[in-house]
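For reference, the structure discussed in these notes is given below.
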Amino acid sequence: MSNQTKARLILEDGHEFTGFSFGSPTPVTGEVVFNTAMTGYPESLTDPSYAGQILIITYPLIGNYGVPGNQSENGVPNFFESDRIHIKALVISDYSFEYSHWNALQSLDAWLQEQGVPGIYGVDTRQITKIIREHGVMLGKVAIEGLPVPPEFIDPNQDNLVAQVSTKEVKTFGNGPYKVVLVDCGSKYNIIRCLCDRDTTVTLVPWDFDFTTLDYDGVMISNGPGDPKMCGATIQNIRKAFAIGKPIFGICMGNHLLSMAAGADTYKLKYGHRSHNQPALEVGTDKAVITSQNHGYAVDPTGLGSDWEPYFVNLNDGTNEGIRHKSKPFFSVQFHPEASSGPVDTEYLFDDFIEHIKTALNS
């Protein structure tokens with residue numbers, strides 16, 4: 001039975017959208033962003049890259065397949081991208097109170113309540129998206145009928161969100177012959193899955209951990225939330241790793257940090273890239289790939305040193321989608337080759353990373 005408690009999304013430009021509350025009746029504030037994917041809400045909600053954000057989903061029907069159970073393998077849940085929901089709030093058009101899926105354990109409403117995250121349904125999410133596309137990303141509040149409205153708009157990007165979501169201790173996954181350090185800037189679990197599937201032992205370390213002190217064969221720099229310029233310690237450690245020369249692979253935030261270590265700058269996008277269908281072109285070829293993305297910042301590659309070159313470019317707006325070193329096994333991509341949820345067109349980049357490791361070990 002639907003809940004008739006009213007809830008409002010209040011944008012900092014004055015627009016208000018009134019719908020109904022579901023999930024936890026908790027007033028919050030955050031950065032309002034939109035995602036155009038048609039599936040994958042359990043993965044999106046648990047993606048640490050959404051920390052501090054009020055997520056608008058443009059696809060009109062959400063909740064129809066419920067929320068999966070907590071089955072795990074190699075110490076990693078099979079169907080989530082972290083151990084908790086990271087969004088501040090969820091805003092959707094039509095909520096399906098009846099769900100049906102062979103793997104569903106509970107409803108989306110129950111899951112949000114369990115984790116203290118509010119939701120709003122019954123609003124025009126495509127109109128909200130249109131406003132954001134024209135105005136740019138803005139701050140917002142979720143107000144629940146009968147409860148105090150948050151007094152201020154709070155910009156989560158003023159905080160070091162990476163430090164908030166990163167692991168606090170070193171952890172190990174898998175038992176393969178290739179030793180990979182995964183620098184956790186807000187890593188999705190599917191990065192660990194993709195690495196473990198390729199005969200690696202993954203050592204997950206905090207974002208500011210000096211991984212160059214470890215014995216490793218390659219370094220993976222993960223995705224993560226917020227402003228990459230907050231991660232000065234990670235950038236310094238990447239520069240130390242350049243001198244060691246072992247393979248480095250960066251994903252999303254990892255592209256920002258590898259690029260900054262190589263001399264480039266980053267800037268905030270007008271409304272970010274958050275979807276399952278962003279086309280990217282491999283520079284110097286006619287090879288285009290369809291990619292999954294979730295980021296609000298981009299790399300300005302003009303500051304790269306002469307030893308570096310752009311790797312991919314976004315075919316929609318021409319923004320940078322990756323860099324690579326011209327002679328050493330260092331590369332990164334802005335999109336998500338681990339692609340949970342979908343598409344898996346670029347998972348081959350994990351194979352390329354492992355081949356770099358094999359070549360380095362045999363040289």
Side-chain angles (χ1 to χ4, degrees), residues 73-76 170-185 187-206 209-223 234-255 257-263 280 282-285 287 289 291 304-312 321-339 344-363:
E73 190 172 338
N74 292 320
V76 177
V170 176
K171 300 177 183 179
T172 302
F173 302 88
N175 190 31
Y178 307 115
K179 299 186 290 292
V180 174
V181 171
L182 174 55
V183 182
D184 182 15
C185 298
S187 179
K188 294 169 68 175
Y189 279 154
N190 209 40
I191 293 176
I192 298 174
R193 297 185 198 107
C194 288
L195 289 171
C196 287
D197 287 345
R198 289 164 173 80
D199 295 326
T200 65
T201 297
V202 179
T203 302
L204 185 75
V205 302
F209 186 90
D210 186 359
F211 59 84
T212 63
T213 62
L214 301 177
D215 177 25
Y216 65 86
D217 300 320
V219 177
M220 173 78 73
I221 310 161
S222 84
N223 63 290
T234 315
I235 294 168
Q236 290 303 318
N237 290 331
I238 294 170
R239 287 176 179 151
K240 290 182 185 178
F242 287 165
I244 295 172
K246 293 181 180 179
I248 304 173
F249 180 15
I251 292 176
C252 198
M253 175 66 78
N255 181 53
L257 301 181
L258 188 74
S259 298
M260 293 172 76
E282 183 175 346
V283 176
T285 75
K287 179 180 180 180
V289 289
T291 68
L304 289 174
S306 59
D307 292 333
W308 295 84
E309 63 185 0
Y311 191 3
F312 288 89
E321 291 282 353
I323 68 166
R324 59 184 170 186
H325 197 278
K326 293 178 181 178
S327 61
K328 295 181 180 179
F330 311 149
F331 68 102
S332 60
V333 292
Q334 191 61 60
F335 49 82
H336 286 270
E338 83 288 351
V344 296
D345 298 41
T346 57
E347 193 176 322
Y348 70 88
L349 291 166
F350 284 91
D351 298 323
D352 292 351
F353 178 52
I354 299 302
E355 286 303 314
H356 281 309
I357 288 175
K358 291 178 180 178
T359 298
L361 289 173
N362 292 328
S363 60

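For this chain, numbers begin at 1 and follow the sequence in order.
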- Once the angle between the rings of Phe331 and His356 is folded into 0 to 90°, is it parallel (under 30°), tilted (30 to 60°) or perpendicular (over 60°)? tilted
- Query: Quick one: does NZ or CZ of Lys328 land under 6.0 Å from the six-membered ring centre of Phe242, within 45 degrees of the ring axis?
  - Reply: no
- Task: Kindly indicate whether the side chain of Leu258, heavy atoms from C-beta on, has any atom under 4.5 Å from the side chain of Ile248.
- Result: yes
- Item | Atom pair OG (Ser332) and CZ (Phe312), whose distance is rounded to the nearest 0.5 Å | 10.5 Å
- Query: Between Ser222 and Val183, is there a donor-acceptor pair closer than 3.5 Å when you use the side chain of the first and the backbone of the second?
  - Reply: yes
- Nearest heavy atoms of Thr234 and Cys185, plus distance in Å: CG2-SG, 4.4 Å
- Reported CD1-to-OG distance for the pair Ile238 and Ser259, which is rounded to 0.5 angstrom: 9.0 Å
- Query: Are Lys287 and Tyr348 in a cation-pi contact, defined as NZ or CZ under 6.0 Å from the six-membered ring centre and within 45° of the axis?
  - Reply: yes
- Message: For Asp184, is there any backbone N or O sitting under 3.5 Å from a side-chain donor or acceptor partner on Ser187?
- Response: no
- Item | From Ile221 atom CD1 to Asn237 atom CG, the distance as rounded to the nearest 0.5 Å | 9.5 Å
- Could you tell me the separation between the OG1 atom of Thr212 and the CZ atom of Arg239, rounded to the nearest 0.5 Å? 14.0 Å
- Answer yes or no: is there a donor N or O on one side and an acceptor on the other, between the side chain of Asn223 and the main chain of Lys188, under 3.5 Å? yes
- Query: Mind checking whether Phe209 and Val181 have side chains closer than 4.5 Å, heavy atoms only?
  - Reply: no
- Without swapping roles, check the side chain of Lys179 against the backbone of Val202 for a donor-acceptor pair under 3.5 Å. no
- Note on the structure: Closest non-hydrogen contact found for Arg324 with Tyr311 is NH1-CE1, 3.2 Å
- Less than 4.5 Å apart, any side-chain heavy atom of Glu338 and any of Ile251? yes
- On a heavy-atom basis, the closest approach of Asn255 and Gln334 is ND2-OE1, 2.8 Å
- Note on the structure: Scanning both residues in full, the closest heavy-atom pair of Asp217 with Pro247 reads O-CD, 3.3 Å
- Message: Under the side-chain contact (heavy atoms from CB on, under 4.5 Å) test against Val180, which residue among Leu195, Val219, Ile192 passes?
- Response: Leu195
- Message: Heavy-atom count check: over 12 atoms from other residues, nucleotides or ligands less than 6.0 Å from Asn175 CG?
- Response: no
- Can you measure from CD (Gln236) to CG (Asp210) and round to the nearest 0.5 angstrom? 10.5 Å
- Kindly determine whether Leu204 and Thr172 satisfy side-chain contact (heavy atoms from CB on, under 4.5 Å), including the steps that lead there. CA-CA 6 Å; Leu204 185 75; Thr172 302; over 6 Å; no
- With side chains defined as the heavy atoms from C-beta onward, is the minimum distance between Leu182 and Thr203 less than 4.5 Å? no
- Task: Check the angle between the aromatic planes of Phe353 and Phe249 and answer parallel, tilted or perpendicular using the 30° and 60° thresholds.
- Result: tilted
- Note on the structure: So OG1 of Thr200 and CD1 of Ile357: to nearest 0.5 Å the spacing works out to 7.5 Å
- Message: Counting C-beta onward and ignoring hydrogens, is there a side-chain heavy-atom pair between Lys358 and Tyr178 closer than 4.5 Å?
- Response: yes
- Carefully, step by step, assess Glu355 and Arg198 under the rule salt bridge (Lys or Arg N to Asp or Glu O under 4.0 Å). CA-CA 10 Å; Glu355 286 303 314; Arg198 289 164 173 80; over 6 Å; no
- Query: What are the two closest non-hydrogen atoms of Pro337 and Phe335, and how far apart are they?
  - Reply: CD-O, 3.2 Å
- Taking the side chain as C-beta and beyond, is there a heavy-atom pair between Thr291 and His336 under 4.5 Å? no
- Query: Which heavy atom of Ala280 sits nearest a heavy atom of Glu321, and at what distance?
  - Reply: CB-CG, 4.2 Å
